[in-house]
Enquirer: 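Have a look at this one before I ask anything.
Given the structure is predicted, the values throughout are model-derived calculations rather than measurements.
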Amino acid sequence: MTEDVTVTTMLALFLPFIGAALAPSVARRGGGRFVFMLALLPLLSFLHFLRFLPDVAKGEVVTGGYAWVPSYNLSFSWFFDGLSLTFALLVTGIGTLILLYAASYMQGHAKIGRFMAFLLLFMGAMLGLVAADSFLMLFIYWELTSIASFLLIGFDHERRAARRAAFQALVITGGGGLLLLAGLIFLWNMSGVTQLSLLVLGGQNLGGHAFYLPALFLVLGGAFTKSAQFPFHVWLPNAMEAPTPVSAYLHSATMVKAGVYLLMRLNPVLGQTPAWEILLPFFGGLTLLVGAVMAARQTDLKQMLAYTTVASLGLLVLLTGFDTPHAIAAAVTYLIAHSLFKGALFMVAGGVDHATGTRDVSRLSGLGRAMPLTFAAALLAGLSMAGLPPFFGFLAKEEIYAALIGADARSVAFSAVAVIGNALMLVIGLAAGLRIFTGPQTPAATAAHEGGFGLWFGPLLLALCGLLAALAAPGFHGLFSSPMASAIAGKPVTVSIGLAPHIGGPLMLSLATIALGLVLFALHAACRAALQRLLAALGPGPDRAFDGLIDGLVLLAWRITRVVQNGRLDVYVTLTLIVLAAALLVPMVAYDELPALPSLPTAMPLHEAAFLLIAVAGLIAVLKAENRLAAIVSLGIQGFAVSVIFLLFGAPDLSFTQFMIETLSVVILALVMTRLKLHPADHRPLPQILLDASVAAACGLGLALMLMKVTQGAFDPQLTEFFSAYSKVIAHGANVVNVIIVDFRGVDTMGEIAVVMITGLAVLALIRIRAPRLRAGAADTLAPSRKTGATSGEGRA
């Protein structure tokens with residue numbers, strides 16, 4: 001890439017974040033009337049990425065970026081091929097329409113600026129995720145989508161349901177993000193690269209690596225939680241607590257497809273193995289059935305659409321892991337079709353709710369006359385979702401059956417799953433796009449009216465795109481479907497499905513789907529009641545299990561805290577020292593790394609022996625002291641003796657520091673002990689004394705052995721040579737020790753000063769708390785004498 005393209009691409013990636021920063025100010029200064037102008041920012045990004053389309057359609061890739069931490073091979077870089085470019089265009093294109101829609105839907109809301117900021121943050125996070133080339137940037141954006149969705153789902157934070165839904169989404173997707181991080185670290189170690197472009201274009205498949213299964217399970221954990229695969233699907237329907245613009249964007253072009261994107265991206269590297277081809281179709285098929293069945297039992301329009309998104313994500317995962325010639329083409333066409341019709345239908349649901357005040361389909365009928373433009377958008381999108389011609393959803397359904405058809409038991413089973421799932425989605429598509437707009441008007445529909453331009457333009461445009469893409473299928477496939485399928489497969493793939501269906505088995509499955517769907521649509525009310533009874537008989541599901549899990553974790557944390565945080569400082573110190581002693585002694589004993597015991601000196605200068613004896617005497621005095629003040633003074637004697645020993649062995653700077661510390665410690669501790677009037681004697685029972693003595697002896701022995709082991713090793717002069725060479729040149733100091741403390745370890749020294757300052761403040765706080773209590777105690781002591789004196793005086797008078 002040229003430098004100009006690199007700069008403009010960087011700007012295009014950051015435009016949503018710039019909009020997020022500007023949104024509150026725009027809403028505040030313009031009174032919410034100009035927030036629709038924020039849609040220009042993703043539109044500019046969309047137009048920029050559209051420039052890459054001709055080159056990517058030819059099979060080329062667009063990469064670029066900047067080195068961030070070159071020594072660790074970390075970079076802020078992007079990678080656009082058919083897969084990531086299609087996602088980027090969906091994110092920015094649909095995002096532009098969503099912002100226009102949100103400006104009308106949230107018009108007059110007091111916090112519209114904050115909402116638009118969160119929405120643009122969400123957009124920027126998803127755009128960065130699909131464009132990221134670096135593993136690190138992929139993970140950062142991955143987690144940022146979870147944070148942004150938390151803010152959006154919990155936007156109406158005064159409602160408990162919204163807070164719970166946001167928390168649930170954050171816990172599930174955030175936990176999956178940690179699994180993904182571990183999986184990316186595995187991929188880094190397995191492949192030796194930290195960039196997706198090098199990983200997928202390198203032509204290597206990691207299926208035979210010894211760590212393949214751990215890496216696969218970790219990556220699937222991240223992808224399944226993000227893309228709501230069973231049993232992690234529960235957060236997605238609950239996310240409908242968010243305002244409808246969030247729901248429309250979440251389901252069509254953003255976070256829920258992030259997991260699918262990751263699986264498609266890593267298909268050339270982790271795919272084509274038995275584990276991949278078993279796990280993905282199994283969980284995808286199960287999620288498809290669960291989502292479709294749960295959708296059929298709902299009466300809330302948004303919930304119906306949300307569960308069909310769960311089903312659609314399961315279908316995409318199933319197809320990504322199904323190793324047949326048409327599987328990748330089917331996944332690509334269905335992903336694009338789903339983005340178009342689901343974004344349109346969610347915006348229609350919001351428009352209906354905005355016009356009627358309800359989303360209950362049992363109370364809605366005859367809306368078409370009052371909302372003709374919304375009806376047109378809903379009908380076109382609903383027919384595409386139903387998989388009927390001449391819409392792009394029909395092309396996707398035909399390609400799905402071409403991918404799954406087969407005579408073996410596996411193909412038959414998954415074909416049956418797809419037929420049932422697609423038939424139920426036909427029911428929901430017709431219910432959302434046809435039933436509520438036709439028939440006699442219900443009371444809720446009598447006062448309905450067509451919304452403003454922003455409410456119907458976006459869904460109508462998306463629905464028309466689903467129609468035009470099918471009518472111009474050869475050209476559309478050449479620009480979008482084929483490059484995307486080639487990127488997923490890791491080799492050239494040509495998508496050719498058109499309005500002419502696959503003749504034979506796929507066509508028969510398609511006709512069976514339509515017939516079954518129409519029957520279920522006619523019996524929808526009876527089916528809904530039967531499903532309600534069935535699910536009630538099955539008992540609580542994963543959603544209730546999540547609450548139980550969180551309650552259990554809170555209870556476990558409370559009980560552990562009661563044990564390890566019991567409020568006693570002596571217990572904390574004892575446990576800390578036991579861990580220290582174990583960390584020092586256990587490795588040396590377990591790995592036979594004990595140092596050789598040095599021979600005792602035959603002779604020692606008198607002055608050295610004298611100060612050594614003074615230090616030992618100070619230690620004995622500490623142990624024998626009858627009150628804490630005497631122990632503090634005795635501890636000072638020991639410290640001063642050690643300081644002199646440092647001086648005798650050629651460390652005057654260390655000795656001077658030790659002198660100062662000991663002096664200040666003795667003075668401060670003596671003053672504190674005097675003011676606090678702590679218990680003057682040690683009343684510990686004998687077992688406690690023996691335990692403390694054992695712990696102290698173990699720590700002392702461990703530190704002594706560790707120091708002996710270190711000093712017996714070969715001396716490495718690299719640091720000495722470095723400080724000697726650079727102390728004068730860099731820090732302009734002749735005293736190497738001072739230079740190390742002030743310059744080379746300046747931050748560490750500042751931290752030590754901060755610790756001393758905080759300790760002093762804590763001591764001051766204790767004294768100030770104690771002083772009023774002492775004055776109060778003295779007042780209580782004097783009060784009776786004053787009263788007695790007064791009484792006796794009155795008696796004498």
Enquirer: Check ring pair (Phe, Tyr, Trp, His ring centres under 6.0 Å) between Phe283 and all other residues, then give those that pass, not counting sequence neighbours.
Expert: Phe224
Enquirer: Can you run down the salt bridge (charged side-chain N to carboxylate O under 4.0 Å, His left out) pairs that involve residues 297-313, sequence neighbours left out, and say none if there aren't any?
Expert: Asp300-Arg359
Enquirer: Test: salt bridge (charged side-chain N to carboxylate O under 4.0 Å, His left out). Region: residues 265-290. Which pairs qualify, not counting sequence neighbours?
Expert: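 The answer is Asp81-Arg265.
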Enquirer: Report the residues that fulfil side-chain contact (heavy atoms from CB on, under 4.5 Å) with Ala125, sequence neighbours left out, ordered by chain and then residue number.
Expert: Leu144, Thr145
Enquirer: Which of these passes side chain to side chain contact (heavy atoms under 4.5 Å, CB included) with Leu520: Ile428, Val427, Ile420?
Expert: Val427
Enquirer: By ring pair (Phe, Tyr, Trp, His ring centres under 6.0 Å), which residues pair with Trp456, not counting sequence neighbours?
Expert: Phe453
Enquirer: Can you sort out the partners of Leu89 under side-chain contact (heavy atoms from CB on, under 4.5 Å), two or more places apart, ordered by chain and number?
Expert: Phe46, Phe49, Leu50, Leu53, Leu85, Phe480
Enquirer: Applying salt bridge (charged side-chain N to carboxylate O under 4.0 Å, His left out), name anything that partners Asp543, two or more places apart in sequence or on another chain.
Expert: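 So Asp543 forms a salt bridge (charged side-chain N to carboxylate O under 4.0 Å, His left out) with Arg164.
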Enquirer: Is a side-chain N or O of Gln272 found less than 3.5 angstrom from the main chain of Pro268, in a donor-acceptor match?
Expert: no
Enquirer: I'd like to know whether His502 forms a side chain to side chain donor-acceptor pair (under 3.5 Å) with Glu398, so could you lay out the CA-CA distance, the side-chain angles of the two residues, the decisive distance to 0.1 Å, and finally the verdict.
Expert: CA-CA 7 Å; His502 294 287; Glu398 295 301 309; over 6 Å; no
Enquirer: For Leu340, what residues pass the side-chain contact (heavy atoms from CB on, under 4.5 Å) criterion, not counting sequence neighbours?
Expert: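 Here the qualifying residues are Ile336, Leu462, Cys465.
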Enquirer: Among residues at least two apart in sequence or on other chains, which ones pass salt bridge (charged side-chain N to carboxylate O under 4.0 Å, His left out) with Arg435?
Expert: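 Applying salt bridge (charged side-chain N to carboxylate O under 4.0 Å, His left out) to Arg435 gives none.
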Enquirer: Suppose we screen for side chain to side chain donor-acceptor pair (under 3.5 Å). Which residues come up paired with Thr320, at least two apart in sequence or across chains?
Expert: none
Enquirer: State which residues pass side-chain contact (heavy atoms from CB on, under 4.5 Å) with Val293; sequence neighbours excluded, sorted by chain then number.
Expert: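 Val293: side-chain contact (heavy atoms from CB on, under 4.5 Å) contacts with Leu424, Leu531.
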Enquirer: With sequence neighbours left out, write down each residue that passes side chain to side chain donor-acceptor pair (under 3.5 Å) with Thr308, or none if nothing qualifies.
Expert: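 Lys342.
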